[in-house]
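Report on one structure; see the data block that follows.
Treat the numbers as computed from the prediction; the structure is a model and nothing was measured. Residue numbers count from 1 along this sequence.
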Amino acid sequence: MLSGIILRNVIFSLESKGYNFVDLLEEISISPEELYKPDLVLTPYQMGVFSEKTVRRLEDIRIGLRIGYESPYSALGVLGQLYQNCDTYAAVLNNMIKYINLIDSLNDYSYEIRKDGIYHIKRTNLSWIENFPIAARQSAELYISISLRSRREILGREVRPLKIFTPYPKEGKVDLLEEYFQCPVVFNAEYTCFVLPLEVLTWKVPTANPAALQLYQNYIQQIKSSRNIWSENTKQHIGYQLRNTTPSLTLISSLMNLSARSLQRYLKSEGTTFQVLLDQVRHESARHLLSHTKLSISEVSEMLGFDVQNSFNRFLQKKEGKTPLELRRELTLGIET
């Protein structure tokens with residue numbers, strides 16, 4: 001899932017450049033009032049649709065990079081406050097990795113300390129790239145531009161990248177990434193990444209306040225404990241993979257860059273198991289497909305990864321006390337009335 005903060009920042013950035021895209025909220029079932037709710041959470045589908053429609057309307061495939069680089073930086077709520085009260089940039093990085101999934105559990109973020117610099121890496125969910133390729137590019141380039149702007153905000157001084165990696169090809173004689181950041185760019189890379197000098201790790205954060213840091217950390221822990229981050233992320237990956245195969249614990253954990261044992265442990269800490277989540281996704285998907293599509297029962301069964309239709313029948317009997325046909329009749333009757 002994705003925090004509404006991401007969508008709010010995109011809309012505010014567009015507005016700062018004179019664009020008004022609030023009307024697109026209706027197409028992803030979000031009212032303008034809901035946009036301002038601090039607990040707003042988006043599905044990857046909603047963010048993908050909004051991003052792709054925005055790009056098509058503007059006819060600008062690089063708008064994600066432009067708004068991140070040119071528009072005022074918006075702090076990420078309490079998370080941004082936490083970063084700005086860390087003592088050093090090393091502490092900022094540690095907190096980012098610890099809490100970034102509160103903002104974005106769709107993508108995988110990491111950093112590596114190598115001999116030639118600090119590698120800030122973002123790996124985008126492959127299924128999301130497949131379904132929303134234009135939105136995926138906006139997400140990748142927005143990450144680079146707004147991340148580098150935010151480092152300047154947090155550290156109170158200019159931070160120049162040593163190198164940038166992008167999964168996308170170079171455009172023109174001088175690509176916008178080269179023009180904006182004046183550093184070498186590796187195109188068609190495996191992942192999105194920017195590299196900062198090693199010395200930045202020890203740079204002090206001028207706004208650091210230990211008391212405020214503890215306050216924000218306590219608050220974020222309360223937020224984190226009220227949301228099942230690992231469960232949400234696992235269900236999301238299961239939903240994408242159901243289209244191609246029957247998701248297994250091994251497959252999903254590998255997509256999340258975890259061992260199967262680690263994922264089991266995280267899910268147990270949230271009071272659930274992989275099988276419970278798989279059943280939940282299948283159940284939710286079954287209700288949607290039966291009520292909103294004209295697929296046959298056997299086609300729905302196959303899409304949800306059941307080997308034979310009888311297994312699907314038994315599954316729904318257990319969950320709903322009805323056969324797939326009975327459930328379809330009940331759900332479509334509710335839609336009609």
Side-chain angles (χ1 to χ4, degrees), residues 1-2 4 7 23-35 37 39-53 105-106 125-132 135 226-249 251-252 255 267 270-337:
M1 303 300 283
L2 299 161
L7 180 59
D23 62 297
L24 289 184
L25 293 176
E26 293 182 11
E27 301 193 32
I28 57 173
S29 303
I30 294 176
S31 69
E33 293 74 26
E34 287 178 301
L35 181 65
K37 291 184 177 179
D39 58 349
L40 175 64
V41 176
L42 306 173
T43 66
Y45 173 82
Q46 288 173 305
M47 195 66 210
V49 168
F50 182 88
S51 298
E52 301 224 337
K53 285 183 178 292
S105 61
L106 172 64
N125 181 283
L126 295 178
S127 297
W128 201 60
I129 294 176
E130 179 182 339
N131 287 281
F132 300 104
S226 68
R227 286 183 55 194
N228 293 326
I229 301 298
W230 292 106
S231 302
E232 292 175 7
N233 205 2
T234 300
K235 287 180 67 175
Q236 187 170 278
H237 279 82
I238 289 173
Y240 278 126
Q241 295 307 313
L242 267 179
R243 304 173 185 181
N244 309 310
T245 184
T246 302
S248 65
L249 173 64
L251 171 63
I252 299 303
L255 292 173
L267 294 178
E270 294 181 354
T272 190
T273 66
F274 179 81
Q275 187 60 49
V276 167
L277 298 178
L278 175 59
D279 287 348
Q280 285 179 5
V281 174
R282 279 176 157 172
H283 186 199
E284 293 164 5
S285 299
R287 290 179 63 90
H288 175 79
L289 292 171
L290 289 172
S291 61
H292 290 85
T293 74
K294 294 184 179 180
L295 295 171
S296 67
I297 302 299
S298 61
E299 287 174 324
V300 172
S301 172
E302 184 178 348
M303 285 189 69
L304 297 180
F306 291 95
D307 295 332
V308 293
Q309 188 177 320
N310 282 341
S311 297
F312 179 47
N313 294 347
R314 289 194 297 272
F315 176 80
L316 275 189
Q317 282 283 0
K318 182 178 179 181
K319 294 291 184 183
E320 297 275 356
K322 302 177 180 67
T323 66
L325 186 56
E326 289 170 339
L327 181 59
R328 167 168 272 171
R329 286 172 179 166
E330 177 184 295
L331 292 172
T332 53
L333 179 63
I335 291 174
E336 291 171 2
T337 57

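Closest approach of Thr323 to Gln317, counting heavy atoms only: CG2-NE2, 3.3 Å. Annotation for Trp128 and Pro44: closest pair NE1-O, 3.0 Å, computed over non-hydrogen atoms. Closest heavy-atom contact between Leu290 and Arg328: O-NE, 2.9 Å. A pairwise comparison of heavy atoms in Ala286 and Leu316 identifies CB-CD2, 4.4 Å as the closest pair. Across every non-hydrogen atom of Ile238 and Pro247, the tightest pair is O-CG, 3.8 Å. The two atoms that bring Gln46 and Ser29 nearest to each other are NE2-O, 4.5 Å, heavy atoms only.
Judged by distance alone, the side chain of Glu270 and the main-chain N or O of Trp230 form a donor-acceptor pair under 3.5 Å. Although no hydrogens or angles enter the test, the distance criterion places no donor-acceptor pair under 3.5 Å between the side chain of Arg282 and the main chain of Leu242.
Interatomic distance, CG of Leu304 versus OG of Ser311, reported as 12.0 Å (0.5 Å rounding). In this structure, the separation between OG on Ser296 and CG on Leu325 is 11.5 Å, given to the nearest 0.5 Å. Residue Lys294 holds its NZ atom at 11.5 Å from OG1 of Thr332, rounded to the nearest 0.5 Å. Atom CG in Asn125 sits 4.5 Å away from atom NE2 in His237 (nearest 0.5 Å). The structure places CG of Leu24 at 10.0 Å from OG of Ser51, a figure rounded to the nearest 0.5 Å. Note: Leu278 CG to Thr246 OG1 = 8.0 Å, rounded to the nearest 0.5 Å.
No side-chain heavy atom of Ile252 sits less than 4.5 Å from a side-chain heavy atom of Leu277. Using a 4.5 Å heavy-atom cutoff, the side chains of His283 and Arg287 are in contact. For the pair Val281/Thr234, no side-chain contact is recorded, criterion being any heavy-atom separation below 4.5 Å from C-beta on. Under the 4.5 Å side-chain criterion, counting only non-hydrogen atoms from C-beta, Glu284 is in contact with Lys235.
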Going through the distances and angles, do Thr273 and Leu267 end up as a side chain to side chain contact (heavy atoms under 4.5 Å, CB included)? CA-CA 6 Å; Thr273 66; Leu267 294 178; 5.9 Å; no

Could you give me the CA-CA distance, side-chain angles and deciding distance for Asn313 and Asn310, then say whether side chain to side chain contact (heavy atoms under 4.5 Å, CB included) is met? CA-CA 5 Å; Asn313 294 347; Asn310 282 341; 3.8 Å; yes

Could you walk me through whether Glu299 and Leu289 pass side chain to side chain contact (heavy atoms under 4.5 Å, CB included), step by step? CA-CA 10 Å; Glu299 287 174 324; Leu289 292 171; over 6 Å; no

Given side chain to side chain contact (heavy atoms under 4.5 Å, CB included), test Asp279 with Val276 step by step and report yes or no. CA-CA 5 Å; Asp279 287 348; Val276 167; 5.9 Å; no

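Surrounding NZ of Lys53 are at most 12 heavy atoms belonging to other residues, nucleotides or ligands under 6.0 Å away. Other residues, nucleotides and ligands contribute more than 12 heavy atoms inside 6.0 Å of the CG atom of Asp23. Atom CD of Glu302 is surrounded by 12 or fewer heavy atoms from other residues, nucleotides or ligands within 6.0 Å.
Note on ring orientation: taking the six-membered ring where Trp is involved, the planes of Tyr45 and Phe132 are perpendicular (angle over 60°, cut-offs 30° and 60°). A tilted orientation is assigned to the rings of Phe315 and Phe306, their planes being inclined by 30° to 60°.
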